[in-house]
A.B. asks: 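Below is the structure I would like to discuss, written out as structure tokens.
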Amino acid sequence: ALCIDLPRYRTHFSLEGVPVVKEFVQRPAEMVQLENALLPQPDTQRRKILALCGLGGIGKTQLALEFVRRHREEFSSVFWLAGDTADSLRQSIARCATRIPKGQISEDSRQYALSASGNVEAVISEVLGWLAQPDNTSWLLVFDNVDREFTWPDVHAYDIRKYFPGADHGSILITTRLMRLQQLGESQQLGRVDRAQAQAILGSWYKHGYGQRLFTVRRN
């Protein structure tokens, strides 16, 4: 059942900034785990966090995107955030302001992405504050490619908890290589695929030229 906050807080769905994945390799068991952990539940509004962990290239982003495509109507908002660096994440959050319904945050923040000017920290604060509204409970945030250890002197790394809305509701999905992020909530380790899935992945790679380049490198 959809939560009562959906009509007021619903935002239009956008694939802007989302990586292009043309073929999805089916992972039915893993998909069920995501659904159980993240879909809005009518009997509880507690915040749900899942860290989808695994090696690079194993299909974390692909699985996250397929989950979003299948279930976007069950969330009032879905915001896909580029977690590669602190700056890319901050800009992703700020761009979400444009999609928030008029009158629910300041117009300056809503126009930030269009004007390319303003205080990005203020915009981020308004977006996170909007997500923390007591009756705005059915959103999904996807932090994609959170792979940098939050240690000095990496200026591009960040503490992901700083960018969580300050309320005990909503759903957060993180794709990451960092096993330590499992402590933030539930976790799912994306591991090796079976033979049929592996063949599908390799077929996708060859279509994009990756497999051919890999083959050439190994021969050399």
Side-chain angles (χ1 to χ4, degrees), residues 2-21 38-40 45 47-50 61 64-148 150 154-176 181 184:
L2 297 182
C3 297
I4 59 173
D5 68 320
L6 290 185
R8 179 182 177 192
Y9 291 107
R10 180 172 290 280
T11 63
H12 72 272
F13 179 69
S14 172
L15 288 175
E16 180 184 358
V18 178
V20 176
V21 178
L38 295 171
L39 288 179
Q45 293 183 351
R47 183 164 64 186
K48 296 168 278 293
I49 302 176
L50 186 139
T61 295
L65 178 55
E66 183 63 19
F67 173 77
V68 166
R69 282 180 160 151
R70 290 186 186 184
H71 298 290
R72 57 180 179 158
E73 291 299 324
E74 294 171 70
F75 296 97
S76 54
S77 300
V78 177
F79 293 149
W80 188 283
L81 309 174
D84 309 73
T85 68
D87 186 61
S88 67
L89 177 60
R90 285 146 52 92
Q91 291 299 325
S92 289
I93 296 173
R95 282 195 295 270
C96 294
T98 307
R99 293 166 50 197
I100 293 175
K102 194 169 185 177
Q104 296 185 10
I105 62 172
S106 72
E107 198 58 25
D108 284 345
S109 289
R110 290 187 72 251
Q111 295 300 318
Y112 173 83
L114 302 177
S115 63
S117 64
N119 184 342
V120 67
E121 296 298 337
V123 180
I124 291 171
S125 178
E126 280 211 69
V127 172
L128 297 182
W130 179 80
L131 291 166
Q133 289 292 317
D135 53 345
N136 184 11
T137 61
S138 300
W139 43 261
L140 170 68
L141 295 182
V142 182
F143 291 80
D144 188 36
N145 290 329
V146 183
D147 297 329
R148 293 178 179 271
F150 180 49
D154 187 350
V155 297
H156 299 297
Y158 56 90
D159 183 352
I160 190 173
R161 295 170 298 181
K162 176 182 175 183
Y163 299 99
F164 288 174
D168 189 19
H169 61 237
S171 298
I172 296 173
L173 172 58
I174 307 163
T175 72
T176 182
L181 294 187
L184 295 175

A.B. asks: Just checking Glu107: does its CD atom have more than 12 heavy atoms from other residues, nucleotides or ligands closer to it than 6.0 angstrom?
C.D. replies: yes
A.B. asks: Is there a donor-acceptor pair closer than 3.5 Å between any side-chain N or O of Arg110 and the backbone N or O of Ile105?
C.D. replies: no
A.B. asks: I'd like to know if the side chain of Ser88 reaches the main chain of Ala82, judged simply by a donor and an acceptor atom lying under 3.5 Å from each other, with no hydrogens or angles considered.
C.D. replies: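 Between the backbone of Ala82 and the side chain of Ser88 there is a qualifying donor-acceptor contact (under 3.5 Å).
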A.B. asks: Between the main-chain N or O of Val146 and the side-chain N or O of Thr176, is there a donor-acceptor pair closer than 3.5 Å?
C.D. replies: yes
A.B. asks: Which atoms form the tightest heavy-atom contact between Pro165 and Leu128, and what is the distance?
C.D. replies: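 Pro165 and Leu128 have their closest heavy atoms at CB-O, 3.8 Å.
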A.B. asks: Would you check, one step at a time, whether the test side chain to side chain contact (heavy atoms under 4.5 Å, CB included) holds for Phe67 with Leu140?
C.D. replies: CA-CA 11 Å; Phe67 173 77; Leu140 170 68; 3.9 Å; yes
A.B. asks: Can you confirm whether Arg10 sits close enough to Glu73 that some side-chain heavy atom of one is under 4.5 Å from a side-chain heavy atom of the other?
C.D. replies: yes
A.B. asks: Would the distance check show the side chain of Asn136 and the main-chain N or O of Trp130 forming a donor-acceptor pair, the cut-off being under 3.5 Å?
C.D. replies: yes
A.B. asks: Could you tell me the separation between the CD atom of Gln91 and the CG atom of Leu81, rounded to the nearest 0.5 Å?
C.D. replies: 12.0 Å
A.B. asks: Say whether, by atom type as modelled, one donor and one acceptor occur between the side chain of Arg99 and the main chain of Val78 under 3.5 angstrom.
C.D. replies: yes
A.B. asks: Determine, stepwise, if the pair Tyr158 / Arg90 fulfils side chain to side chain contact (heavy atoms under 4.5 Å, CB included).
C.D. replies: CA-CA 10 Å; Tyr158 56 90; Arg90 285 146 52 92; over 6 Å; no
A.B. asks: What distance do Leu89 atom CG and Lys162 atom NZ have between them, rounded to the nearest 0.5 Å?
C.D. replies: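 Rounded to the nearest 0.5 Å, the CG-NZ separation comes to 10.0 Å.
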A.B. asks: Should Arg69 and Leu15 count as side-chain neighbours, where that means a heavy-atom distance under 4.5 Å?
C.D. replies: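 Yes; the side chains approach each other to less than 4.5 Å.
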A.B. asks: Could you check Phe164 against Leu141 for side chain to side chain contact (heavy atoms under 4.5 Å, CB included), going step by step and ending with a plain yes or no?
C.D. replies: CA-CA 9 Å; Phe164 288 174; Leu141 295 182; 5.9 Å; no
A.B. asks: Is there a side-chain contact between Gln133 and Gln104, using heavy atoms and a 4.5 Å cut-off?
C.D. replies: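 Gln133 does not reach Gln104 side chain to side chain.
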A.B. asks: Are the side chain of Thr175 and the backbone of Asn145 linked by a donor-acceptor contact shorter than 3.5 Å?
C.D. replies: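 Yes, because the side chain of Thr175 sits within donor-acceptor range (under 3.5 Å) of the backbone of Asn145.
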A.B. asks: What's the shortest heavy-atom distance between Trp139 and Ile172, and which atoms?
C.D. replies: CZ3-CG1, 4.0 Å
A.B. asks: Kindly compute the distance separating CD (Glu126) from CD1 (Ile93), expressed to the nearest 0.5 Å.
C.D. replies: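 The CD1 atom of Ile93 is 13.5 Å from CD of Glu126, to the nearest 0.5 Å.
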A.B. asks: Using side-chain heavy atoms (C-beta onward) and a distance below 4.5 Å, is Ser76 in contact with Thr11?
C.D. replies: no
A.B. asks: Working to the nearest 0.5 angstrom, can you tell me the gap between Asp144 CG and Leu173 CG?
C.D. replies: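 So the gap between those two atoms works out to 8.5 Å.
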A.B. asks: Please report the C-alpha distance between Ile100 and Ser77 in whole Å, then the side-chain angles of each, then the deciding distance to 0.1 Å, and finally whether the side chain to side chain contact (heavy atoms under 4.5 Å, CB included) criterion is met.
C.D. replies: CA-CA 9 Å; Ile100 293 175; Ser77 300; over 6 Å; no
A.B. asks: Scan Val120, Thr98, Asn119, Ile124 and name whichever one has a side chain to side chain contact (heavy atoms under 4.5 Å, CB included) with Tyr112.
C.D. replies: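 With Tyr112 as partner, side chain to side chain contact (heavy atoms under 4.5 Å, CB included) holds for just one option, Val120.
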A.B. asks: Please report the closest heavy-atom contact between Ala157 and Ala86, naming both atoms and the distance.
C.D. replies: O-CB, 4.0 Å
A.B. asks: Is it true that a side-chain atom of Ser171 and a backbone atom of Leu38 form a donor plus acceptor pair closer than 3.5 Å?
C.D. replies: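 Yes, the answer is positive, given that a donor and an acceptor are paired below the 3.5 Å cut-off.
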A.B. asks: On a heavy-atom basis, which atom in Ala122 and which in Ser109 lie closest, and how many Å separate them?
C.D. replies: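 Taking every non-hydrogen atom into account, O-OG, 4.4 Å.
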A.B. asks: Can you name the closest pair of heavy atoms from Asp168 and Arg47 and give their distance?
C.D. replies: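 Of all heavy-atom pairs spanning Asp168 and Arg47, the closest is OD1-N, 3.0 Å.
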A.B. asks: Give me the atom names and distance for the closest heavy-atom approach of Tyr163 to Phe143.
C.D. replies: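 Heavy atoms only, the tightest pair is O-CZ, 3.7 Å.
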A.B. asks: Would you please indicate if the ring centroids of Phe75 and Phe13 are separated by under 6.0 Å?
C.D. replies: no
